Amino acid sequence: MMIENKKVVSIQYVLTNSDGQEIDSSVGKDPLLYMHGYKNIIPGLEEALFGKQVGQKITVSIPPEKAYGVFDENNKLQVNKDQLEGIDEVKLGMEIQTRTKEGVQLYRVEKVFGDTVILNGNHALAGQTLNFDVEVMDIRDASDEELEHGHVHGPGGHHH
Ligand code: ZN
């Protein structure tokens with residue numbers, strides 16, 4: 001069986017940035033499960049894994065455009081604390097979901113001065129080239145329910 005659309009894929013990975021610093025890793029934890037072709041993972045990694053089989057290892061360098069996007073200096077919002085409903089204490093680095101015309105967007109609190117809050121809508125890894133070392137651990141067919149939901153169920157996936 002090889003990796004293609006509608007397969008549930010289990011991988012072990014180490015993610016490093018362009019300076020060689022480790023950003024994330026599944027080593028010593030449960031493997032990451034995702035459903036291929038459903039944008040569960042970044043596009044560049046999905047592309048690199050297509051056609052691979054269990055036991056194969058890949059090393060891939062993914063530019064920002066195929067990872068978490070280029071950094072957009074304009075993707076920021078200045079708001080008043082009063083506008084952040086339901087949040088008692090605004091802290092640096094806190095993630096806040098807002099509803100905009102384009103849908104739900106995630107912002108991080110970048111600065112707080114007085115009652116003014118600067119929210120940054122860029123992903124924390126925006127603008128970065130990401131290096132993945134990946135080993136394919138398992139590949140299986142997705143269930144009908146998983147296909148309907150667009151994500152993996154059971155161990156390593158969604159529980160509901
Ligand atoms: Zn589901």
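Every number for a ligand or one of its atoms is a count from 1 in the order of the listing. Remember, it's a predicted structure, so these values are computed and weren't measured experimentally.
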Worksheet, complete the sentence: Only residue of Glu73, Lys111, Glu110 satisfying side-chain hydrogen bond (donor to acceptor under 3.5 Å, both in side chains) with Asn120 is Glu110
Worksheet entry | Matching residue for Arg108 among Glu95, His123, Met94 - test: side-chain contact (heavy atoms from CB on, under 4.5 Å) |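 Among the candidates, only Glu95 passes.
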Worksheet item: For the Zn ion (ligand 1), which protein N/O/S atoms are closer than 2.8 Å?
Response: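 Result, waters dropped: His149 ND1, His151 NE2, His153 NE2, His160 NE2.
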Worksheet item: Taking it one step at a time, do Tyr34 and His36 satisfy ring pair (Phe, Tyr, Trp, His ring centres under 6.0 Å)?
Response: CA-CA 6 Å; Tyr34 79 96; His36 199 87; 5.7 Å; yes
Worksheet item: So do the side chains of Thr98 and Val79 get within less than 4.5 Å of each other, counting heavy atoms only?
Response: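 In short, these two side chains do not touch, never coming nearer than 4.5 Å.
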Discussion item. Does Lys29 have more than 12 heavy atoms from other residues, nucleotides or ligands lying within 6.0 Å of its NZ?
Written reply: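 For Lys29, atom NZ is crowded (more than 12 foreign heavy atoms under 6.0 Å).
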Worksheet item: Would you say the side chains of Tyr13 and Asp24 form a donor-acceptor pair under 3.5 Å?
Response: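 There is such a pair between these side chains.
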